[in-house]
Each structure stands twice: as structure tokens, then as C-alpha cells.
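Shown next, in C-alpha cells, is the structure this report addresses.
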Protein chains: 2
Amino acid sequence: MKDFSNTENCPVRNVLDRLSDKWTTLVILVLGEQGKMRFNELHKNIGDVSEKMLTVSLRKLEADGLIARQVFPVIPPRVEYQLTDLGKDFLPLIHRISDWAHANMQQILTNRSRFKR
Amino acid sequence: MKDFSNTENCPVRNVLDRLSDKWTTLVILVLGEQGKMRFNELHKNIGDVSEKMLTVSLRKLEADGLIARQVFPVIPPRVEYQLTDLGKDFLPLIHRISDWAHANMQQILTNRSRFKR
DNA sequence: CAGGATCCCCTCTGATACTG
DNA sequence: CAGTATCAGAGGGGATCCTG
């Protein structure tokens, strides 16, 4: 059987650790819908994310090669983010999860509310 | 555009909050492969999870209705866990992520190692 | 405008010990 | 066997202030 037990050796863990980030998934979804975006556009679209966490999330996604960061050497600074090919390849997976979530949330919420111990 | 901004109202967040749990995904994968399992069987299969966290994970999955918990009133106690229909419906999504992760991990690790700021 | 740096809280998590 | 209870440490995450 496959070994899922530690993060470094397990590809699933590696990917899930990104998914598990509170914001990275949303960043991918938003960039998937809107295409190229600037920092503050992302900030507005995602809503209640702090600037710090948005920055951290963007760095992780950039490090993994899921998004590309393009800096324009102008004043005031201009930085644009967009999905890479790898990011675009990953996007459908998130959409499937999103679709499943919408389709089954009501059931899950009902289950959760009935669950008492 | 959809509102992803807060956890209670957002189905995607609700589902991702489960995926993001360090162990719940592994529990689903293992139960998907092995079928019905007892607590200690799960514990051995998953490896480095603590008993406490395994219990917490199982409760969350049970509350959401992704797994079923069957207690046998015997001594010593016997408890069996298995995926519900909802859980089985969810399983392919995790497999897709797992497959994608295996296919792309090398690229991601390479990207990550090259990324310096 | 796009973030880096700090401070701090608070939850998640693990270790240990105990129980029906 | 299958948990529960408790405690302590680490780290995620937000608020605020500052800079090229």
C-alpha cells in the first residue's frame, strides 16, 4: 500500500497542503475566472483575506509554479498575477470539488446539524 | 460572482475545510481501499496519526455523513467504520487529486527548489 | 501600489494518563 | 479495544505600522 504518512515523501500530502491553505484555493479559482489580476484586485475579490496572508498565499503558489508573477518596473509599482499552464491544469480539479460542494452542501449541513454526541 | 469570503456561507470552504484536515483525507482514502475497518486497523494503516487526532477526524467525517460508525455492544468494544454513499461519492474526487499529485509532484518539487527570493 | 516586519492571539496538535 | 481528559508547545492567521 502507498505510504501517505509523511508530508515530504507523499505527493498527495504535498498537494493537499496547498489546498489546505485557507486562501490558495480561492486565489486559483479567482485567477481562473478573471485571468490576469493585480494584487489589490485579488484582495478585493477574495474579500476578507488580510494583505499578509494574501502575500503568503501568492508566494506559495508562485513557488510551486501554479501562478506567475510579473513585475512592471514603474512607479507606482504594478504587479500582475496569472495562472501558469500547471495552474490551469490544476484548475479543473478545484472546479470539480467546487461543483461537488455545491451539489452536496445542503446534505452535509443537514447531517451536521443532526449529529449529536 | 460567487461569494467565497466566509466559511459558513461557502460550500467550497465547507468541503475544503474537511480536505484541509491533516488526516480526514487519508481516512477516506484508506476506507475506500479497505472497506470496513476498526479503529486500530485505521490507526495502523495511517501510521503516524495520534489516537486523539484520529478520533477527531473520524467524528468530523461522521458528522458530515461521509463515514458511518457502527458500535457492537460487546466486551471488549468493537467499532467499525466505513464510507457512506456520500463518502463513496466523494472518493473519486480525492483520487483525482491523488493522481494529479503523483503526476505533477516532480515538477512542483523542482519549481519549489528553484524558487528563491 | 505592493508588500515586508512585528506583535500577539488562539487554535490545532501531540504526549500522556486514565476509563467503560 | 476504543476511546476521553488534560495540559503544553508550535504555528497559523489577523492587525498594525512601515517602506521602495
Side-chain angles (χ1 to χ4, degrees), chain A residues 4-8 10 13-14 16-27 30-31 34 36-63 67-82 115-117, chain B residues 4-8 10 13-14 16-27 30-31 34 36-63 67-82 115-117:
Chain A
F4 298 113
S5 58
N6 82 359
T7 307
E8 297 86 78
C10 175
R13 287 279 185 90
N14 262 288
L16 283 177
D17 274 4
R18 283 298 177 268
L19 278 180
S20 70
D21 270 48
K22 196 171 176 181
W23 307 109
T24 53
T25 311
L26 297 180
V27 169
V30 170
L31 283 179
Q34 309 285 327
K36 206 171 285 189
M37 293 181 81
R38 301 181 62 177
F39 185 86
N40 276 342
E41 290 183 280
L42 281 166
H43 197 200
K44 284 173 196 165
N45 263 274
I46 295 184
D48 60 348
V49 65
S50 68
E51 294 183 354
K52 171 186 166 181
M53 294 320 296
L54 180 55
T55 301
V56 170
S57 301
L58 289 169
R59 289 297 166 278
K60 286 182 184 174
L61 289 171
E62 190 192 357
I67 67 172
R69 179 175 183 269
Q70 187 178 8
V71 182
F72 298 86
V74 296
I75 295 176
R78 177 182 187 86
V79 180
E80 288 181 349
Y81 296 91
Q82 60 184 317
F115 185 73
K116 304 291 179 201
R117 303 196 79 223
Chain B
F4 298 113
S5 58
N6 82 1
T7 306
E8 298 87 79
C10 176
R13 286 278 186 91
N14 263 286
L16 283 176
D17 275 4
R18 285 296 177 270
L19 278 179
S20 69
D21 270 47
K22 197 171 176 182
W23 306 110
T24 53
T25 311
L26 297 181
V27 169
V30 170
L31 283 179
Q34 310 285 328
K36 206 170 285 189
M37 293 182 82
R38 302 180 63 176
F39 185 85
N40 276 342
E41 291 182 281
L42 281 165
H43 195 199
K44 285 173 195 163
N45 264 275
I46 295 183
D48 60 348
V49 65
S50 67
E51 293 184 354
K52 173 184 169 183
M53 293 319 298
L54 180 56
T55 300
V56 170
S57 301
L58 289 170
R59 289 296 168 279
K60 287 182 185 173
L61 289 170
E62 189 192 358
I67 67 172
R69 178 175 184 270
Q70 187 177 9
V71 182
F72 298 86
V74 296
I75 295 176
R78 177 181 187 88
V79 180
E80 288 181 348
Y81 296 93
Q82 60 184 318
F115 185 73
K116 304 292 177 199
R117 303 197 81 222

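Numbers restart at 1 for each chain; the letters A, B, ... are given by sequence-line order, proteins then strands. Being a predicted model, the structure only gives us computed values, none of them experimental.
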*Starting at atom CD1 of A/I75, determine the distance to atom C1' of C/dC1, rounded to an integer number of angstrom.*
11 Å
_From CG of A/L54 over to C1' of C/dG4, roughly how many Å is that when rounded to an integer?_
14 Å
*Describe the nucleic acid contact of A/Y81 in one word from base, sugar-phosphate, nothing, applying a heavy-atom distance below 4.0 Å.*
sugar-phosphate
*asked:* Could you tell me if the side chain of B/I67 sits less than 4.5 Å from the side chain of B/Q82, heavy atoms only?
replied: no
*Within this structure, what is the NE2-to-C1' distance between A/H43 and D/dA15, rounded to whole angstrom?*
12 Å
_Whole-Å gap separating C1' (C/dG20) and CZ (B/F72)_ = 18 Å
*Would you say B/L58 and B/T55 make side-chain contact, with heavy atoms under 4.5 Å?*
no
*Ignoring backbone atoms, test whether B/R78 places a side-chain nitrogen or oxygen under 4.0 Å from the OP1 or OP2 oxygen of D/dG3.*
no
*asked:* Is there a side-chain contact between A/F72 and A/Q70 in this structure, where contact means two heavy atoms from C-beta onward sitting under 4.5 Å apart?
replied: yes
Report all interatomic pairs (protein N or O, nucleotide N or O of nucleotides 4-14 of chain D) with separations under 3.5 Å.
unit_1	atom_1	unit_2	atom_2	d
D/dG14	O6	A/K52	NZ	2.3

_Do B/K60 and B/R18 have side chains that approach each other closer than 4.5 Å (heavy atoms only, starting at C-beta)?_
yes
_When you compare the side chain of B/K22 with that of B/M53, does any pair of heavy atoms fall below 4.5 Å?_
no
*Nearest-Å distance for atom pair CG/P, residues B/L58 and D/dG3*: 7 Å
*Should B/D17 and B/D21 count as side-chain neighbours, where that means a heavy-atom distance under 4.5 Å?*
no
*Rounded to whole angstroms, how far apart are CD on B/Q70 and C1' on D/dG3?*
17 Å
_Taking side chain to side chain donor-acceptor pair (under 3.5 Å) as the definition, give me every residue that meets it alongside B/R69, ordered by chain and number, with sequence neighbours left out._
B/Y81
*Please report, rounded to the nearest Å, how far the C1' atom of C/dC1 is from the CZ atom of A/F39.*
9 Å
*Side-chain N or O of A/R38 less than 4.0 angstrom from OP1 or OP2 on C/dA2?*
yes
*Within a strict 4.5 Å, meaning less than it, do heavy atoms of the B/V56 and B/W23 side chains meet?*
no
_Checking A/E80 now: which residues fulfil side chain to side chain donor-acceptor pair (under 3.5 Å) with it, not counting sequence neighbours?_
A/R78
*What is the bend of the helix from C/dC1-D/dG20 to C/dG20-D/dC1 when you compare the axis at one end with the axis at the other, using five pairs each and rounding to 10°?*
50°
